[in-house]
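What follows is a short report on a single structure.
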Amino acid sequence: MTVARRNDWLDLCRALAILLVLLSHGRFFLRAAMPWAEYLRFGGFMGVELFFALSGFLIGGILIRLSRGGGTHWLSGFYARRWFRTLPNYYLFLLVNVLLVLFGVYSAELKVVWKYLFFIQNLFGPHPLFFSEAWSLALEEVFYLLFPLLFLLLGRVLGLRPARSILVVAVTVIVVSLVARLLVANSIEMWDTGLRKVVFLRFDTLMFGVLLAWMVDRHPRWLRNPGLATGMTMIFVACVIYYVSATDAELNESFFAKTLYLSLVPVGCAGLLLIGIERRLPGWLATASGFLARISYSVYLVNIPVMLILIHLFGCCEGSRLGALGMWLAFMVLTLTISHGVYEAYEKRFNALRDRHFPATVSGVRATVRTGHA
């Protein structure tokens with residue numbers, strides 16, 4: 001398969017993920033006048049899970065390529081590129097959220113802000129109300145930090161080659177994450193805040209993406225079996241149906257939702273990545289999805305502040321269908337417009353600095369896979 005074709009499909013998946021998140025958050029403006037909009041809540045869950053699968057797939061592929069030459073000389077460059085990619089936007093919107101609280105746009109405790117500087121706010125317990133979307137970013141940053149160290153350490157201790165070491169770490173983390181959830185599930189009352197958003201219970205959601213990257217690199221012929229991709233994608237569809245059909249109370253009571261379900265969702269998301277990875281997209285679709293993919297990280301950080309400010313200024317337009325649609329449209333347009341501005345004026349500059357000082361090379365050859373949100 002060509003790298004360009006693969007990138008186009010991954011961009012489409014990233015665009016789909018951020019649109020799902022926007023639809024889920026935007027339902028807040030619609031549901032009072034259009035109760036059916038509450039079904040859109042699945043988008044926040046599945047969109048973030050799809051982002052996790054993408055991150056695992058892309059980072060897994062990067063680490064496989066970087067580590068082929070052996071040694072650890074590439075590690076500092078990997079960390080530098082990750083942090084240049086993710087931290088500037090993150091800390092900018094950490095500041096934005098502090099200002100929103102100080103100006104009374106929403107209420108939250110600021111005494112926990114120091115934890116956000118080190119991504120430890122939800123390591124072992126529920127995420128605070130402040131900067132709520134940061135729960136997923138904490139999971140990704142801890143993954144970026146620990147995963148390379150784990151597979152390098154395992155390779156050195158057991159004498160494994162990098163690709164085999166990555167496989168062993170990924171499988172081990174998947175099993176350990178499920179076992180950890182099995183052990184604590186009955187003591188957790190809130191499925192979402194008490195389990196789904198706790199870092200050390202969710203590493204497997206990224207590791208299924210890593211496994212897919214390992215398969216693409218080591219056994220690409222396995223992936224040409226259409227039944228595999230179709231079956232995994234059907235798991236995605238089934239997971240969506242289950243989530244939409246269950247109430248929050250039912251999810252809180254379900255042992256399955258707290259345990260195996262959170263392992264099946266990333267399998268389905270990996271299937272969604274796989275099913276079209278060799279497909280050629282129409283030019284207009286590749287262009288549109290490429291635009292959304294580029295600004296997706298900014299959109300993820302911008303959309304909730306925009307929503308909170310609109311609610312603070314105008315309320316929720318309860319009972320008015322036209323008003324609800326107007327607020328929803330304002331939310332969507334403002335989020336995409338501001339996100340594009342943040343990307344062009346701020347995020348892209350740090351990406352350029354990253355590429356200038358820490359070029360994406362593998363044994364002297366520039367890596368061609370775009371990392372995007374990952």
Side-chain angles (χ1 to χ4, degrees), residues 8 10-52 54 89-90 92-94 96-97 99-100 103 105-106 131-137 192 240 243-244 269 272 281-348 372-373:
D8 285 346
L10 297 181
D11 279 351
L12 180 61
C13 289
R14 189 179 293 109
L16 173 62
I18 199 59
L19 285 175
L20 287 173
V21 170
L22 284 180
L23 288 173
S24 175
H25 293 169
R27 80 186 192 280
F28 187 88
F29 298 109
L30 299 174
R31 61 189 179 186
M34 305 171 214
W36 58 264
E38 185 58 26
Y39 288 109
L40 296 174
R41 70 189 180 98
F42 85 91
F45 173 50
M46 301 306 295
V48 172
E49 295 297 315
L50 185 52
F51 270 130
F52 286 150
L54 276 162
N89 259 21
Y90 173 80
L92 171 64
F93 280 89
L94 179 59
V96 166
N97 276 270
L99 293 175
L100 290 178
F103 283 100
V105 173
Y106 76 102
F131 196 5
S132 60
E133 63 271 36
W135 76 268
S136 60
L137 305 177
D192 184 62
V240 171
Y243 187 79
V244 170
C269 290
L272 201 62
L281 299 182
W284 64 270
L285 184 56
T287 299
S289 59
F291 168 76
L292 284 175
R294 282 193 300 275
I295 68 171
S296 61
Y297 186 33
S298 292
V299 171
Y300 189 72
L301 291 164
V302 165
N303 81 97
I304 290 183
V306 168
M307 181 181 71
L308 292 171
I309 291 171
L310 286 173
I311 293 170
H312 179 71
L313 293 176
F314 304 108
C316 302
C317 299
E318 293 187 7
S320 169
R321 186 178 295 265
L322 185 60
L325 285 171
M327 289 288 286
W328 179 84
L329 184 61
F331 165 72
M332 296 293 287
V333 171
L334 284 172
T335 295
L336 293 175
T337 302
I338 294 170
S339 299
H340 178 61
V342 170
Y343 173 79
E344 290 291 336
Y346 183 77
E347 182 181 342
K348 191 163 74 170
H373 178 59

### Task
Measure the acute angle between the ring planes of Phe331 and Phe29, then classify it against the limits of 30° and 60° as parallel, tilted or perpendicular.
tilted

### Query
If you draw the axis of the six-membered ring of Tyr243, does the NZ or CZ of Arg41 fall within 45° of it and under 6.0 Å from the ring centre?
yes

### Message
Go through it in stages, so that I can follow the logic: the residues are Leu336 and Leu22, the test is side-chain contact (heavy atoms from CB on, under 4.5 Å), and I'd like the CA-CA distance, side-chain angles, deciding distance and then a yes or no.
### Response
CA-CA 10 Å; Leu336 293 175; Leu22 284 180; 4.2 Å; yes

### Message
Between Ser296 and Ala293 (side chain of the first, backbone of the second, donor and acceptor by atom type, cut-off under 3.5 Å), is there such a pair?
### Response
yes

### Heavy-atom side-chain proximity of Phe103 to Ile309 below 4.5 angstrom
no

### Query
How about Glu38 and Pro35: do any of their side-chain heavy atoms sit closer than 4.5 Å?
no

#### Entry: Any side-chain heavy-atom pair of Val299 and Tyr343 under 4.5 Å
no

### Message
For Phe291 and His340, take the angle between the two ring planes, folded into 0 to 90°, and tell me which bin it lands in: parallel under 30, tilted 30 to 60, perpendicular over 60.
### Response
tilted

### Query
Could you walk me through whether Trp135 and Asp192 pass the side-chain contact (heavy atoms from CB on, under 4.5 Å) check?
CA-CA 11 Å; Trp135 76 268; Asp192 184 62; over 6 Å; no

### Side chain proximity check, Phe51 to Ile18, heavy atoms < 4.5 angstrom
yes

### Residue pair Val302 / Ser339: nearest heavy atoms and the distance that separates them
CB-OG, 3.4 Å

### Task
Looking only at non-hydrogen atoms, find the nearest pair between Leu30 and Leu325 and report the distance.
CD2-CD2, 4.0 Å

### Query
Is it true that atom CH2 of Trp328 has more than 12 heavy atoms of other residues, nucleotides or ligands lying nearer than 6.0 Å?
no

### Query
Does any non-hydrogen side-chain atom of Phe52 lie less than 4.5 Å from one of Ser136?
yes

